[in-house]
Undergrad: 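I'd like to ask you about the structure that follows.
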Amino acid sequence: MHVVPWRRAELQFQCVAQPQPQQAVGAVLRTANAALPVLAPAWQALLHGHCAGIEHGGGEAEPGAIVAWVVGAGGRRDRQAAEKQRRPRGRGERTPGRGRVRALVPVSAKIHCFAPSSSEEIMTVRTRFAPSPTGFLHIGGARTALYCWLESRRRGGQFVLRIEDTDRERSTDAAVQAILDAMQWLGLNHDEGPFYQTDRLARYRQVADDLVAAGKAYYAYETKEEIEAMRDAAMARGEKPRYNGHYRDRDEPLRDDPNRVIRFRNPTEGAVVFEDKVKGRVEWSNSELDDLVIFRSDGWPTYNFAVVVDDIDMGITEVIRGDDHVNNTPRQINIYHALGARVPEFAHLPMILDKEGKKLSKRTSAVSVMEYRDDGFLPHALLNYLVRLGWSHGDQEIFSREEMIALFDIADVNKAASRFDTEKLAWLNQHYLKTDDPQALAPEFAWHLARAGIDCSGGPAPADVIVALRDRVHTLKEMAERARIWYAPIAEWDDKAVVKHLKNDTAVAVLDAARGLLLECEWRPEPIHRVIEQTAARLELGMGKIAQPLRVAMTGTQVSPSIEHTIYLAGRGEALKRIADAIAMAQG
RNA sequence: GCUCCCUUCGUCUAGUGGCCCAGGACACUGCCCUCUCAAGGCGGGAACACGAGUUCGAGUCUCGUAGGGAGCACCA
């Protein structure tokens with residue numbers, strides 16, 4: 001794609017201060033800064049309005065005049081791309097460095113605004129997520145889906161879900177369902193679909209036939225062995241394995257043959273150029289490309305063909321997908337051209353690696369989104385983590401859904417691959433555990449309790465448990481485990497804890513005193529806290545001497561949330577019973 | 001092998017030629033707080049892959065080197 005300059009700012013500067021070697025830099029800058037307000041509108045455009053480059057005025061322009069090109073379409077990438085384009089020029093006429101612009105005083109500044117010239121400016125944005133159902137939704141796919149979703153939401157467009165199931169061997173209904181479930185759990189709702197490629201076979205057939213009829217594709221009959229031999233021969237010559245175009249210009253009559261495929265007649269000359277929103281300008285010589293198969297001998301279209309037909313039919317304007325597809329893009333663009341269709345924008349996202357910097361794999365880390373649910377992560381924590389992996393907005397770490405939608409821009413995504421860091425995810429997860437409304441968290445927590453085999457019907461309200469534990473755990477799974485003590489009797493006593501905190505001189509007195517006060521007090525954490533303080537005051541003991549025996553009595557261990565919460569959550573009856581048991585144990 | 005892509009603290013990142021002897025966050029670590037464990041508060045160590053070039057000035061622009069990745073299917 002090319003950059004469409006639709007606004008153009010013309011700034012004219014008079015040269016008053018040319019930086020000289022050794023000259024105080026400050027003096028020059030001061031001159032420049034004084035000039036800034038004069039050209040505020042144009043300067044704003046330069047700074048914020050996607051400046052594509054700065055040029056000396058043409059031949060007729062006054063000496064020192066500077067013209068800035070401002071593009072409407074994108075951000076940083078467009079600028080970089082535009083700079084690359086203007087770069088080739090003679091050494092003698094170097095473009096003035098931008099720093100030097102500040103050393104010039106403007107005599108006039110005007111911006112010409114043209115109405116959007118191409119249809120793409122007006123068209124609503126449509127993105128799509130197109131997984132192939134050969135397994136669960138993995139982390140990389142989830143981020144791609146998130147970015148697609150975000151981009152369509154921010155720009156008021158539509159998000160389409162498409163299932164790419166033309167690989168009949170590996171696609172399963174279970175995988176489709178797993179992906180749908182994961183998308184729903186993450187809350188990435190789609191506006192259209194899911195569309196299934198297997199439902200669209202007739203359409204692919206028709207488009208392929210049209211291409212053949214138009215001479216833009218042709219039948220070929222090589223066997224797989226012949227193709228393989230071709231590839232080996234090319235490799236042996238040190239070349240890239242490519243189809244040799246044997247049937248390209250044969251014009252053989254159509255015949256039935258188990259090896260019959262349709263190949264796309266790829267241009268042999270020239271190059272394919274596109275502006276990737278993430279990677280910047282990508283250029284590909286057509287001589288690197290061969291005539292790819294678009295229809296297989298089994299009667300199904302290949303991926304590269306089906307995506308293009310689908311994306312055209314579904315009106316996709318932004319193709320956002322994994323890095324591994326960059327190499328396919330030039331081929332696909334050629335197909336767009338052959339079909340006379342408008343080429344969408346492309347954005348290829350860098351990979352997500354594991355902690356060691358290797359490809360994510362089941363062996364080293366959790367890869368399925370639903371596995372993260374099982375491990376006790378919140379969907380919005382995962383989303384927040386994912387959105388920051390390869391993208392940022394200044395120093396901000398925490399993003400609500402609304403903020404993500406408002407702030408995200410696919411053009412700001414980084415180019416380099418990033419590593420998945422479970423510890424940072426855990427931190428985010430705890431952040432949301434601490435700040436979310438416990439009531440809102442309760443259903444997901446109850447799901448984890450049930451999953452841990454805990455019957456929460458007779459125990460404390462899940463929301464109360466969340467409040468007591470959220471400062472102490474990173475995941476809901478961990479929280480469910482720690483919550484067990486309030487839903488079931490103490491299963492195991494920590495001997496060390498018993499010896500240290502129950503079998504001592506003061507424990508019985510403490511437990512007895514606390515029991516007396518607990519019998520009467522109002523059953524909420526705050527009054528219970530006051531009971532503990534009263535006990536300490538009455539017995540003239542430190543809080544440690546009071547809280548620890550009670551803690552052991554309540555949990556059988558020396559670790560738990562604050563003592564008032566620990567007691568409160570047990571409920572009055574159970575708390576008193578456990579204290580009585582502990583007194584017996586201390587005396588026995 | 002060929003083509004394309006990438007490179008700032010251990011990790012995620014800020015960075016648009018002077019605001020940078022590089023900022024934030026996670027992790028690590030010291031102190032404070034404290035009924036345990038945490039959480040929290042205040043500190044600390046820690047990076048521009050390397051080499052040339054352009055420039056008065058380079059993390060930022062150019063070229064090269066090294067390292068890493070992806071693709072090269074009748075898989076998506």
Side-chain angles (χ1 to χ4, degrees), chain A residues 19-23 25-26 29 47 51 76 79-80 83 87 94 97-100 130-132 134 164-167 169-171 222 224 227-228 231 234-242 259 261 263 279 282-285 288-290 292-298 300 302-304 306-307 322-328 330 348 350-351 353 355 357 359 385 388-398 414-421 423-428 430 434 469-473 497 501 532 536 542-548 550-552 557-564 566:
Chain A
Q20 298 298 323
Q22 318 309 333
Q23 184 184 351
V25 173
L29 289 182
L47 290 180
C51 175
R76 182 154 45 115
R79 260 167 288 154
Q80 286 174 354
E83 286 197 10
R87 202 162 289 132
R94 279 197 357 268
R98 242 174 284 175
R100 230 172 248 184
S132 59
T134 54
E164 310 218 323
D165 53 357
T166 52
D167 185 349
E169 308 266 296
R170 299 194 299 152
S171 301
E222 279 90 356
K224 287 181 183 163
I227 297 291
E228 204 147 308
R231 185 167 46 239
M235 286 283 243
R237 287 194 303 271
E239 285 168 18
K240 205 169 167 174
R242 299 170 55 223
N259 290 316
V261 298
R263 283 185 181 271
K279 305 225 161 270
V282 177
E283 194 168 340
W284 218 282
S285 171
E288 292 296 327
L289 272 22
D290 65 354
L292 74 158
V293 170
I294 58 175
F295 244 88
R296 303 197 291 239
S297 54
D298 67 0
W300 285 91
T302 60
Y303 165 77
N304 277 305
V307 238
D323 219 349
D324 43 335
H325 291 286
V326 205
N327 299 277
N328 290 323
H348 289 97
M351 298 198 62
L353 277 14
K355 210 173 168 51
K359 209 167 169 173
Y385 179 72
R388 276 287 284 104
L389 201 57
W391 173 84
S392 64
H393 180 73
D395 289 338
Q396 189 170 345
E397 296 287 350
I398 307 296
N414 288 155
K415 298 182 189 188
S418 43
R419 301 183 189 203
F420 194 91
D421 181 7
E423 290 189 328
K424 186 156 183 182
L425 205 212
W427 171 76
L428 272 167
Q430 188 185 43
K434 286 189 301 190
L469 284 170
R470 61 186 172 184
D471 286 340
R472 297 169 166 78
V473 297
H501 298 296
I532 309 294
M543 283 296 271
K545 284 281 182 195
I546 307 297
Q548 284 305 76
L550 281 166
R551 178 166 278 119
V552 177
T557 72
Q558 356 188 13
V559 178
S560 85
S562 68
I563 191 62
E564 65 267 24
T566 306

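The sequence lines fix the lettering, A, B, ..., with proteins before strands; numbering per chain opens at 1.
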Undergrad: Which residues satisfy the side-chain hydrogen bond (donor to acceptor under 3.5 Å, both in side chains) test with A/Thr166, sequence neighbours excluded?
TA: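 Not a single residue meets the side-chain hydrogen bond (donor to acceptor under 3.5 Å, both in side chains) criterion with A/Thr166.
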Undergrad: Go through the structure and list residues passing salt bridge (Lys or Arg N to Asp or Glu O under 4.0 Å) with A/Glu164, not counting sequence neighbours.
TA: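 Salt bridge (Lys or Arg N to Asp or Glu O under 4.0 Å) list for A/Glu164, sorted by chain: A/Arg162.
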Undergrad: A/Arg419: which residues meet the side-chain hydrogen bond (donor to acceptor under 3.5 Å, both in side chains) condition with it, sequence neighbours left out?
TA: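 Not a single residue meets the side-chain hydrogen bond (donor to acceptor under 3.5 Å, both in side chains) criterion with A/Arg419.
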Undergrad: Which residues satisfy the side-chain contact (heavy atoms from CB on, under 4.5 Å) test with A/Asn259, sequence neighbours excluded?
TA: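 By the side-chain contact (heavy atoms from CB on, under 4.5 Å) rule, A/Asn259 matches A/Thr223, A/Asp257.
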Undergrad: For each nucleotide in nucleotides 64-76 of chain B, reading 5' to 3', give B when a protein heavy atom comes within less than 4.0 Å of its base, S when such contact involves only the sugar-phosphate, and - otherwise.
TA: ------SBBSBBB
Undergrad: Quick one, give me the B/S/- string for nucleotides 27-41 of chain B, reading 5' to 3', where B means a protein heavy atom under 4.0 Å from the base and S means that only happens at the primed atoms, P, OP1 or OP2.
TA: S-------BBBBSS-
Undergrad: Which pairs, protein N/O on one side and nucleotides 47-49 of chain B N/O on the other, fall under 3.5 Å?
TA:
none

Undergrad: Identify, with sequence neighbours excluded, every residue that meets salt bridge (Lys or Arg N to Asp or Glu O under 4.0 Å) alongside A/Asp471.
TA: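 Salt bridge (Lys or Arg N to Asp or Glu O under 4.0 Å) list for A/Asp471, sorted by chain: empty.
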Undergrad: Distances for protein N/O vs nucleotides 7-9 of chain B N/O pairs under 3.5 angstrom?
TA:
none

Undergrad: Among all residues two or more places apart in sequence or in another chain, which pass the salt bridge (Lys or Arg N to Asp or Glu O under 4.0 Å) test with A/Asp324?
TA: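 Per chain and number, A/Asp324 pairs via salt bridge (Lys or Arg N to Asp or Glu O under 4.0 Å) with no residue.
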Undergrad: So, using ring-ring contact (aromatic ring centres under 6.0 Å, His included) as the criterion, who are the partners of A/Phe295 when residues are at least two apart?
TA: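 Scan of A/Phe295 (ring-ring contact (aromatic ring centres under 6.0 Å, His included), adjacent residues dropped) gives none.
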Undergrad: Please identify each residue that fulfils salt bridge (Lys or Arg N to Asp or Glu O under 4.0 Å) with A/Arg388, with sequence neighbours left out.
TA: A/Glu397
